Protein chains: 2
Amino acid sequence: MKFENYTIKDIAKALNLSTSTISRALRDSYEISPETKKIVLEYAEKINYRANPIARSLKERRSHSIGIIVSEIANNFFSQVIDGAESIAYNKNFQIIISQTHESSERERLNVEYLTSRSIDGLLIALSSETEDISYLHKLQERGFPIVFFDRVPQQFDTYKVIVNNQQGAYDATQHLIKQGKQQIAHLTSSKSLSITKDRLYGYQKALMANHIDFDPALVKYCQYGGLHQDEIETAIEELMHTGFDAIFISGDKLTTGYLHVAKKKDKLNLQHIAIAGFTNSNVVDLFSAKVTSIRQPAFEMGKIATELLIQLIEKRTPNEQFETRVLPTEIIKND
Amino acid sequence: MKFENYTIKDIAKALNLSTSTISRALRDSYEISPETKKIVLEYAEKINYRANPIARSLKERRSHSIGIIVSEIANNFFSQVIDGAESIAYNKNFQIIISQTHESSERERLNVEYLTSRSIDGLLIALSSETEDISYLHKLQERGFPIVFFDRVPQQFDTYKVIVNNQQGAYDATQHLIKQGKQQIAHLTSSKSLSITKDRLYGYQKALMANHIDFDPALVKYCQYGGLHQDEIETAIEELMHTGFDAIFISGDKLTTGYLHVAKKKDKLNLQHIAIAGFTNSNVVDLFSAKVTSIRQPAFEMGKIATELLIQLIEKRTPNEQFETRVLPTEIIKND
DNA sequence: TTGAAAGCGCTAACAA
DNA sequence: TTGTTAGCGCTTTCAA
C-alpha cells in the first residue's frame, strides 16, 4: 500500500483535456475559457485534488519555504519570534522550517547546509553563542541566497537585520538597580562573541558611568553557552561570590532561571538579598519567589518584521538592495 | 542574481561522463568502478556539490520529512517532545516540520492538509483541545498515510500511540494532596474531548474513591482551550470559589501557570493556602513562590519513541501491522 | 562498467 | 482557447 495523490494527468485523462490546460485552469490563467475552468475546478474539487508542491518546487526552483535557525525553541523569546514569523509566513503561503543549534556552531553550520541545498528559499537566523566564523554564510549570500539576521547579528554582513535596542534595555535595567541604591552591580552574560552581549555590556557600562560608578571587570561573568549548561552558571556565580555584589544584571532567559536555581541552592549565602534585573521574555517571572525586574523584547514583532523582510528579499531579488537594521524598543517591567 | 547549485549534469559535463554514472557514483553503487567513483567524488567535493533534495523527492516519491503537530511550541512539554523527535529524525536523516494548532481544530486540519499534499512522509500528532472530528485523519490513513499519535490520542484509531500513564499520574497527584489532609480537592482540566482529560479525571476519581471521599462534579472545571485563554481559567476559578476547595489538581502546564496568575491576582481570597499538584514539565516550578507538586512526563522520550515508530511505519509500509499503544510512566516531584 | 532514455508532476514556450 | 513538447534534477531500467 502506498500513499498516492491524484495528479494533473489523472484530471486530464478524466476530462479529455491536456495537462497544460488543467494546469492553467487550476492556476486561473486568463487563457482558459470560463467553462473549461469550471469543469476542471469542479472535478478537482470532487476528487479533492492537491497539487504536488515538490513537483512545483522543482519546476519553479522555489520551495516556498524558509528556514529559521534559533538556539532553542524551548526558550520563550525564540518561541515568540517563531510565532511571529509563522503568522506572516502563513499569510504569504510560505512554510517555516525550524532548526535548533543548541548553541553549537557546528550544528548551526550543518543545519544551514541541510536547509539550503535547495530546499529553502531564504534563511532567518539568530547566531549560536559559539559561532565566530560566518564565512560560510557570506559565501551563501554571495551566491544570491537571501539571509536575514535577528537578535544575534553579525557586525560585518550587509543584509537586513532586526534587533532590539539592547544597549538601552541594559541601561534601563542597570539604572533601575542603581536607583534602588545598589552600587556593586554584577553582570552575568552570554558568550563574548555575540552582538547582544557586547551591546548589553555597553549599556550596563553607560549606566554605571552616568551614575559615577566605576566599572569593575571582575563583576562581569561570561557564559560561553548562554546558560545552556548549568555548570557554567554555577562557576560564574562561585566567582562572583567573592566580590560582594549587591545586585545583578542578567543578559538572558536561560541565564536568569539558571541564576535563580543556583541562588536557591546556595540560599544560606544570602543571594536572596541581591536585586535582580534581566532580559527575559518569560511570562511566569511574576510567579517567582525572587523579585525579578525584566527587560522584555517585542519578540513576536521581531519575528514578523524579519519574515516580512526576508520574503521581500526572496520575491524581489534585486541585487543592489539598500539594507537597513531595524531596531525595536525594549520594555522594562518592574517588580519590587 | 539567482541562487543556483551545481547539478549532476554539471559534473557529468566536466568529467565527460553520463549523468547516470555520476548519480551512481555518488550513491556508491556497486556498478561503478573504484577509479570512476574516486574521480566523481573528488570533483563533487571540490565544487561542494549538494544533491537537490526536491528533485530526489519527486523521483522517489518520498520527501524524507515528517510533520509534527502540537498545540503550541511555547510549552515545555511539547518543546521537549519535539527535541526528542528531532534527535531521532536527525540520525535517520529525516527533516522535521513543526506545525502549531493553537488548540484550533480548523488550524489543525489546514496544517495536516498542507503538510500531507505530498510534502511529508508521515505525521506525528497530538490533537488540539478543540478537535472532535478526526474523520479526515482516518481517510488519510486509509489511503496508506502513516500517522502516529502521542499525548492526546483518539480512542478509535488503529495505529501506534505513545502516551504516559495519565491515570496513574493523576492518581499520584490526588493521593499526595489527600495525604496532606486535604478533603475538598478541585480539579482544573482541559477540554472534555481530550483523552488526557478523561484519563486524568479517572485517576483523580480513583484516588478519591480509594480514600472514601465522595466525588463532587462541582469541583471539576473544564477549560475548552486548555488554558490558552486566560479568561477561561478565571471563569473556572470564579466558579470554584464558592465550593470552598482546599486543594487543586491541575491537568496541564498552561493551566497551572494560569491558575497561579489568577491566584496571585486574587490573593486576598486566600488562594495561597490551597495546595497545588499538577501535570507540568516546566523546569522552573521550583522557583515559584507557590509550592507546586508536579507530575512530570518523559516528554523527550515520548518524542523519541513516537518518531521511531513513525519512521518504522514509513520504511516498512506493511499493511497489516499489529499496532500497540506505548504507555510511559510519569514521575511525581514533591515540593512541600 | 558505462550510457541512453524515460519518467516523477508540474509549468510554460511555442504551435495550432 | 487549447495542445504539444521540453525540461526542472534526479534515479533507474535497459541496452551496449
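Model, not experiment: these values are computed from the prediction. Note on naming: letters A, B, ... go to the chains in the order of the sequence lines (proteins, then strands), and numbering restarts at 1 for each one.
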Undergrad: Heavy atoms only, 4.0 Å cut-off, all strands: where does A:L17 land among base, sugar-phosphate and nothing?
TA: sugar-phosphate
Undergrad: Is a donor-acceptor contact shorter than 3.5 angstrom present between the side chain of B:R24 and the base of D:dT13?
TA: yes
Undergrad: Expressed as a whole number of angstroms, how long is the span from A:I22:CD1 to D:dT2:P?
TA: 10 Å
Undergrad: Rounded to whole Å, how long is the line connecting atom CZ of B:R27 with atom P of D:dG9?
TA: 17 Å
Undergrad: Is there a side-chain contact between A:S33 and the phosphate of D:dT2, meaning an N or O under 4.0 Å from OP1 or OP2?
TA: yes
Undergrad: Heavy atoms from C-beta onward define the side chain here; which of D:dC10, C:dT2, C:dG9 lies closest to that of B:T7?
TA: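 Nearest listed nucleotide: D:dC10.
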Undergrad: Whole-Å distance between D:dT11 P and B:I54 CD1?
TA: 14 Å
Undergrad: Tell me: CZ of B:R62 to C1' of D:dC10, nearest whole Å?
TA: 16 Å
Undergrad: Would A:R50 pass as a cation-pi partner of B:Y114, given that its NZ or CZ must be under 6.0 Å from the six-membered ring centre and within 45 degrees of the axis?
TA: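 Because its charged atom misses either the 6.0 Å distance or the 45° angle limit, A:R50 does not stack over B:Y114.
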Undergrad: Ignoring backbone atoms, test whether A:R61 places a side-chain nitrogen or oxygen under 4.0 Å from the OP1 or OP2 oxygen of D:dG9.
TA: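 It does, given that an N or O in the side chain of A:R61 lies less than 4.0 Å from OP1 or OP2 of D:dG9.
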Undergrad: With a 4.0 Å cut-off on heavy atoms, is B:S23 in touch with a base, just the backbone sugar-phosphate, or nothing at all?
TA: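 Contact class for B:S23: base.
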Undergrad: If you pin B:E35 and A:E31 to their nearest nucleotides in DNA chain C, which one's is more 5'?
TA: B:E35
Undergrad: Taking CD in A:E106 as the centre, count heavy atoms belonging to other residues, nucleotides or ligands within less than 6.0 Å. Is the count above 12?
TA: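 No.
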Undergrad: Does the Lys NZ or Arg CZ of B:R109 fall within the cation-pi geometry relative to B:Y136 - under 6.0 Å from the ring centre and within 45° of the axis?
TA: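 Yes, a cation-pi geometry.
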Undergrad: Rounded to whole Å, how long is the line connecting atom CG of B:L26 with atom P of D:dG9?
TA: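 Those two atoms, CG and P, are 15 Å apart.
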Undergrad: Phosphate oxygens OP1/OP2 of D:dG9: is one of them under 4.0 Å from a side-chain N or O of B:Y49?
TA: no
Undergrad: Could you check A:T19 against B:R56 and say which one's nearest nucleotide on DNA chain D is further toward the 5' end?
TA: A:T19
Undergrad: Would you please confirm or rule out a distance under 4.0 Å between OP1 or OP2 of C:dG3 and any side-chain N or O of B:S18?
TA: yes
Undergrad: Starting at NZ of B:K9 and ending at P of C:dA5, how long is that distance when rounded to a whole Å?
TA: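 My rounded result for the distance is 14 Å.
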Undergrad: Can you tell me if A:T36 touches the phosphate of D:dT2, counting only side-chain N or O atoms and a distance under 4.0 Å to OP1 or OP2?
TA: yes
Undergrad: Flag the pair B:F150 / B:V70 as yes when at least one side-chain heavy-atom distance between them is below 4.5 Å, and no otherwise.
TA: yes
Undergrad: Report the distance from atom CZ of B:R50 to atom C1' of D:dC10, rounded to the nearest whole Å.
TA: 17 Å
Undergrad: Please report, rounded to the nearest Å, how far the C1' atom of D:dT2 is from the CD1 atom of A:I11.
TA: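 About 16 Å, once rounded to whole Å.
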Undergrad: Return yes if the base of C:dG7 and the side-chain atoms of B:K59 contain a donor-acceptor N/O pair under 3.5 Å, otherwise no.
TA: yes
Undergrad: Hey, can you tell me if B:F94 and B:H64 have their rings parallel, tilted or perpendicular (30° and 60° cut-offs)?
TA: tilted
Undergrad: Would you mind classifying the nucleic acid contact of B:S57 as base, sugar-phosphate or nothing, using non-hydrogen atoms under 4.0 angstrom?
TA: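 The answer is nothing, as B:S57 stays clear of every strand by at least 4.0 Å.
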Undergrad: On DNA chain D, check which nucleotide each of B:S20 and B:L58 is closest to and give me the residue with the more 5' one.
TA: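 Comparing both residues, the 5'-ward one is B:L58.
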Undergrad: If you draw the axis of the six-membered ring of B:Y160, does the NZ or CZ of B:R326 fall within 45° of it and under 6.0 Å from the ring centre?
TA: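 Geometry flag: not set, cation outside 6.0 Å or 45°.
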